[in-house]
Every structure is written in C-alpha cells, then in structure tokens.
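Input: a single structure, listed below in structure tokens.
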Amino acid sequence: MTEVHAAAAIAYRDVLKFLRDRARIVGTFVFPIVFVVILGQSFNTGADFGYDYRTFVFLGVLGQTLFQSSALGMISLIEDRENDFSQAIFVAPISRYTIVLGKIGGEGIVALVQGLFILAFGLLIRVPLDWPQLLAMLPAAVAICLFGGAFGLLVMANLGGQRAANQVFPFLMLPQFFLAGVFNPIANLGPVLSIASAAAPMRYAVDLLRGLYYAGRPEHAQVVLLPVAWNLAVIAVVGTALLLAGTAMFVRRERNR
Amino acid sequence: MEAEPVPPIPNQPTAEAVITVEGLVKRYRGAAANAVDGVSFDVAPGEFFALLGPNGAGKTTTISVLTTTLLPTSGSVLVAGHDVARDAAAVRRAAGIIFQSPSLDLNLTAEENVRFHAVLYGLAPMRPTFALMPAGYKARVHELAEVLGIREAVFHPVRTFSGGMKRKLEILRSLIHRPRILFLDEPTTGLDPSSRRSLWQYLETVRQDGGTTMVLTTHYLEEAEKADRICIITHGRVVSLGTPARVKADLVQNYLLVDAADRAALKAELSRSGMAFSGDGPLRLDTPAADVHRVLRAIETPLHLVQTHTPTLEDAYLEIVERPAAPDGAGPPAPLPAGGESEAAA
C-alpha cells in the first residue's frame, strides 16, 4: 500500500507543479488550438476527402497532444535530477518502478487535463461529439497517456540533461506529426514512408482515437487504418516493452554511474 | 638515520557497529581512477562520526554509497545491519539524509515537501491537503517546525525561504520518519555564521534527545572537531581515523631542528647516542614536546640553532590534503608534520 501512496504522491506533485505554472498552462492550451485552427486550415487544400477534414484534424491533434504531452512530461525526470530533487526521491524506501509509474501517472493526468480542454474547444467549434463516443475515448486516452509516458521514459533514460532532451525531442516528435497522420491522410503513402509510419508510435495513438470515433460510420474505411483491437494490442505490447526497457535503463543510469 | 613516517591507523570494527564499511571502492564509469579507493571504517550506535577531507576527496561518493544512491564497485557496506547493494530499501528506512545541495521542490510549500517525504517513507497515506492528513503527522510537523523556528513559514512556498530556512526545512524533512542514522553531507555549505551555529545547536539537541547516529561530511575542520571520531579522507583513501585527539596525535608531529658549526661532529654524536635524525642542513629530531629539554641536555656538541616545531591540527590537515595522490596501489599518503613553529636561536 505504501508503494501505491508513494506513486500517488509523485503523481500529485507533478499535477500541482503544472497547475502552479501559468506559462506552461497557457502554452499547453494554446498550441493545440493553433494546430487545429491554423495548421488544420493550412493543410485543407479544399479537396473532397469524403469526410469532414476539421474533425479529422481535431481527432489527430487530440491523440497527438495526449501522446506528446505525456512523453514530454517525462523531462521532469531530468529536471528533478538537475535540481537535485531526485536524490530525495531515490533515497526513499520505495521501488524505482513506483517512481517511474508515479511520474508517468502524473504527467498522464496533466495530459488528460489538456485533452479535456481540447474536447471543450472541439465542442466550441462544433465538432460533432456525443456521449458514447466520449465514453469510448476516455479509457483509450488513458492508454495513450501511459503509452506516451513509456515512450518518453525510454528516451529520457538515455539522455544526459535538459539541453539534450530539448534537442532530441523535436527531432523525435515533429516527423511523427506527419507519419502519424495528425493533419494529413496517410492511407496511401509510398513504401518507405509506410514503413516509417508503421514505426511511429504516435500513429497508433491517433488511429485508436479515430477508430473509436468513426466506429459504425460510413467514413470509417476512408479514415481509419487499423482495427481498434490492433491499435490497442500495439499500444499494450510496445508500451509495456518501452516501460520495462526505459525503467531498467533509468534505474541503471541513476545507481550505476 | 631517517625518521619513519607514521603509518595510517587501521579500522577497528566494533561488535555493535551500526555502519560497517570494509574495503569500499567506487570508480565512476569512464573514470581513470577510483573516486573511493579501499576505504574502511565503522560507526557505533549514537556516535557522531565525521568524514573530513577537501573537495573531491571522495566524501560525498562514500556517503552516496552509504545512502544507496550509488552502487559500490567493490567492498562491503552494511548500514543498520543491511547490505546497501542487496537490501537498499531497509537501509533507506533506517536513514535520514541532508544533502550537500538543497533537494527541495521550490514549487511546493514547506509542508507539501514534508508531506511528500512522509508518504514516500510510509508514515502516512497520500492526501491532497494538510487538513486531510492524519493527526499524528500534523502534530509531528507542528512539533518539528516549532523546534526549528519555522512554524510561521511552514505553509509558505519554499521559493520564498532564505538559505538557512531551507536547511532547517531539510532537517525537518529528514527527521520526520525518526531515522536511526542521520547523514549530513556538508550541511552548512552556503550558510551564514548565525545559521550555521543555530543548525549545530539543533543537531546536537537531536543527537542527545533521540540517540541518533550522525555521519557528517565536511571540509571544515572546526565542524569535524565536534565529532566523537574523525576519518580524514584524501584522494579516496583514509589517512587518519580516530578521536579528534588521536587524529591530532597522528597528524601533528612536534619536532626539533638543531644545527652546529661542526655539523659532522653533531651527526656523529647523534648517531652514536642512538638519536634518530633526518636532513642534511639543520638536522630534524622527531621529539615530543615533553622530551625537548632532555634531548638538548644530552647533546654535547655546541649548537648554534635550535627550533621547536609545533604545528596546529589545521596546519597538519592542510599539509595532508594538499599533497598529490599516491600512485595506484601505493597506499595512502603518510602523514607528515607541517606548519607553525616557535624558534629559539642558541
């Protein structure tokens, strides 16, 4: 039980830090709006996709935000190390897995708060959303946050400092915007880009949300790439592998210097 | 006849030691040399033990291994009867740590920092506000905050705290789980003299009231002199270990410098009478202060120079720590005398 409370304390701290950081709050809410309104419009060439392009981009940005925010939030592991706060955590009698799960949980909750804001924004711009869709997407959003956190953990476990993280993360994230089809349809990519797209974790997060949203709708075949179960399986298997590898590397790096 | 250097004092483990370190070696990845190179010592329950040495001597590395934040490369380290490598969680439950660099979250209030720590140590369940925390926890926070003089500030953000208040908060946090052993890694770094004095007064109270074992790392000699025993480390090796008086006896060697117009006759006389000396100019006789008169009376060759050297502990310590590292496997550098002198020309 101590480990559960410890993970909750670690998560709670990250949420408190987010809620007390006005600049971060403004930044995290403004960027998704910019993506949906400005970038979404820029990619809309006026072609007839056979589905509502704004809804397509909205769901893409929602999946991307949940995945990316959780992944980027893991930078706090490095921040804590550089601010010497992590030493206070590492001498506590709790498992390293508890520390990692608490971190992923905290940053996942922060990402979910952002996701709720994007949903509210979607309702404001009249994206058609109903309760069954929202209820179906909620557990998927939690899974995406855990997946993003595991991805971020593996990356952070191999980086020395915040400067490296700030240089590496855009390189890992920006290509995924396009390979995951956040703004653009990716059903008919060439062979090389198809392979790159299949290797992009964000693709499965975005496609999972679209699969749940478009379930039973005529646009489903045009928009969704993989069945929901397939996306969930990839997220579960790859996410677990990323979590285990990331935790092992993180623990080894911290203790075996 | 050359004077022999004083050998380092070996560790003499006590049967009921709460900390036992045997042959500890730590080499960081990619490093060319060991940061800690075969350190051994033990600490008895309730003892105040000081690791003294210059920056880079290996003190913080040693304490990091003792507090389980670093794995040893080799050697055996037991804290509260638990192996630091195999049973880290048990070691952490028994220990409280005040780090060299502040490890507080400046975004949280003082109480939130303490609450976070208390939950991690299993003292209380996680609750989102202080009001919802168990009564025992709340009473302990109020009690410690009162003793440390930060009662008014305990619900204020840590970023508004002075350096001294942050240190006090770290002490409060480290004591909240009533540790058997308190590790203090250069706890007074960055504090003004007033804060430093008040910190030591409180730590002395903690020690006397709770019987807490305290392990201090410092490069301030005056702080180490408060300890029951001092272990001087330089270049990752122990050069002296014992009570402050014993360490002083190890490090500080009184000696006598004598010279004569007929130096050859003086050397011959000293050799003939079995008095060890060294040097080619003025001759050095390693003589305790109490024996100076007897030695001088015994010398018949007319002397034109007599100097008695009585280095301070600080002089001797500085001499030890400023010497270059011995090559690998050569053992710790031998203590040498140094420093101040009083002079009398004959």
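Proteins come first, then strands; the chains are lettered A, B, ... in the order of their sequence lines, and each starts at number 1. We use all heavy atoms of the structure for the numbers below, so side chains are in, but hydrogens, waters and symmetry mates are not.
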Measure distances from L104(B) to the heavy atoms of chain A and classify the residue's part below 4.5 Å as side chain, backbone, both or neither.
backbone
Donor + acceptor pair across side chains of D37(B), H235(B) (<3.5 Å):
no
Between F67(A) and F151(A), what is the ring plane arrangement, given parallel below 30°, perpendicular above 60°, and tilted in between?
tilted
Which portion of P102(B) sits near chain A, non-hydrogen atoms under 4.5 angstrom:
backbone
With R13(A) as the cation and F85(A) as the aromatic partner, state whether NZ or CZ is under 6.0 Å from the six-membered ring centre and within 45° of the axis.
yes
Check whether NZ of the Lys or CZ of the Arg R196(B) lies under 6.0 Å from the centre of the six-membered ring of Y220(B) and within 45 degrees of that ring's axis.
yes
Side chain, backbone, both or neither: which part of I99(A) has a non-hydrogen atom closer than 4.5 Å to chain B?
neither
Quick one: of G122(B), P125(B), A95(B), S174(B), who has the most non-hydrogen atom pairs under 4.5 Å with chain A?
P125(B)
Using 4.0 Å as the upper bound for N to carboxylate O, is an ion pair formed by R20(A) and E112(B)?
yes
Below 4.5 Å from any heavy atom of chain B, which atoms of L16(A) appear? Answer side chain, backbone, both or neither.
side chain
What residue, out of V91(A), T2(A), D84(A), has the most heavy-atom pairs lying under 4.5 Å from chain B?
V91(A)
Counting heavy-atom pairs closer than 4.5 Å to chain B, which one of A92(A), A6(A), A88(A) comes out on top?
A92(A)
Out of R115(B), H117(B), M126(B), which one racks up the most heavy-atom pairs below 4.5 Å with chain A?
M126(B)
Run through V43(B), L216(B), V18(B) and flag the one making a side chain to side chain contact (heavy atoms under 4.5 Å, CB included) with F49(B).
V43(B)
